[in-house]
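Working notes, structure below.
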Amino acid sequence: MSLDRLIEGIVRTQNPAVVGLDPTLDYIPGFLKEPFLAEFDDPMEGAAAAFLEYNKRIIDAIYDIVPAVKPQAAYYEALGWQGVRALCETIRYAKGKGMFVITDGKRNDIGSTMKAYASAHLGTFGAAGKQAEPFGGDALTVNGYLGTDGIAPLLEVCDERDRGIFVLVKTSNPSSGEVQDKLCGERTVYQMMGDLCETWGGEHLGKYGYSAVGAVVGATYPEQLQELRLRLPHTFFLVPGYGAQGGSAAGIAGAFDERGLGAVVNSSRAVLTAWKKEGCDERDFAGAARREALRMKEDLAAVNKAIHI
Ligand SMILES: O=C(O)c1cc(=O)[nH]c(=O)n1[C@@H]1O[C@H](COP(=O)(O)O)[C@@H](O)[C@H]1O
């Protein structure tokens, strides 16, 4: 019912990081993608097969040093049902390697529809004895804009199946202030959304003081990260925006609590395209991803030394 398993993975690897699996054909070296693209008449089928193989090799290269992955659903949906199948298989593969999987779907709707999203991404389909997980993620990114009845169905599944959610609070993008920084009474919209995370998570606390309801807070907004860490003591943060979007370890330092917990930092493109930046042999793309993940780990360790429960 909480993000305890993510926290335990962070402590085990001493690495508060998540690698974003956001593949595009551009990131995949020719030697790996060309045979798949040639094999299938349907370009989406070939690309989806290439995405899956690429993801497996990245996962193989990092699963012992990074506790979690975050596949962004849009990259897979872009390839229709073949891409969605690659997403499901990617999630299954990562979980098989012991990784915590955050499915980045940013879902939200009215309660009845949210129930369907909740069972799709965090729940099961079918009756006892003949049951399967549609997507099988451990946590899902969601939007809280519709309020409590759009979140409640997720919390039921989180309780039943030891799952979690991350609610968008202060996003990393340049325009996030257009809505999120606006005042709503005496609070900004992001403060109000953060306070709602504390309320929603109140009945769903885990062993380490954090609830099943996490918040997304961008690495590109260091002041708000620090402010929200103090304001939301039971809310674990997913921090995107490190690396490709310019967020730095120094700017993220305020997201951690005194145990070095409280946040998991995402990097997608910087890890996936490390082989291009390094200029190494394309066959060593997964090695380059591992080197970038290790570099990030050291970078974060410089501002967040000891991680313990
Ligand atoms: O929810 C997210 O993960 C997310 C929220 C946010 O505020 N900003 C943000 O960049 N993201 C996601 O985090 C990833 C960032 O990717 P890189 O900029 O390549 O590291 C993408 O999958 C984004 O969709």
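The chain is numbered in sequence order, starting from 1. This is a predicted model, so every value here is computed, not measured. Ligands are counted one by one from 1 in listed order, and the atoms in each one are counted from 1 as well.
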Using heavy atoms and a threshold below 4.0 Å, how should the contact between Asn266 and ligand 1 be classified: side chain, backbone, both, or neither? side chain
How far is [atom] from its nearest protein heavy atom, and which residue and atom name does that atom have?
atom	value
atom 7 (O) of ligand 1	Ser172 N, 2.8 Å
atom 13 (O) of ligand 1	Lys70 NZ, 3.2 Å
atom 10 (O) of ligand 1	Gln245 NE2, 2.8 Å

Enumerated ligand 1 atoms positioned under 4.0 Å from heavy atoms of [X]:
X	value
Val216	5 (C), 7 (O)
Thr171	7 (O)
Asp22	14 (C), 21 (C), 22 (O)
Pro240	4 (C), 5 (C), 6 (C), 7 (O), 8 (N), 9 (C), 10 (O), 11 (N), 13 (O)
Gln72	22 (O), 24 (O)

Before giving the answer on ring-ring contact (aromatic ring centres under 6.0 Å, His included), spell out for His234 and Tyr210 the whole-Å C-alpha distance, their side-chain angles and the decisive distance to 0.1 Å. CA-CA 4 Å; His234 308 104; Tyr210 287 103; 7.8 Å; no
Can you find an N/O atom of [X] closer than 3.5 Å to an N/O atom of ligand 1?
X	answer
Ser268	yes
Lys106	yes
Arg269	yes

Between Lys207 and Glu8, is the closest basic N to carboxylate O distance under 4.0 Å? yes
Charged N to carboxylate O under 4.0 angstrom, Lys97 versus Asp64? no
Within the 3.5 Å criterion, strictly below it, is a donor on Ser268 or Gln72 matched to an acceptor on the partner's side chain? no
Please say whether the positively charged group of Arg229, taken as NZ for Lys or CZ for Arg, lies over the ring of Phe237, i.e. under 6.0 angstrom from the six-membered ring centre and within 45 degrees of the axis. yes
Considering residues at least two apart in sequence or located in another chain, which fulfil the salt bridge (charged side-chain N to carboxylate O under 4.0 Å, His left out) criterion with Lys115? none
Holding to salt bridge (charged side-chain N to carboxylate O under 4.0 Å, His left out), I want the full list of residues that pass it with Glu282, two or more places apart in sequence or in another chain. none
Where the side chain of Tyr63 meets the backbone of Gly96, is there a donor-acceptor pair that is under 3.5 Å apart? no
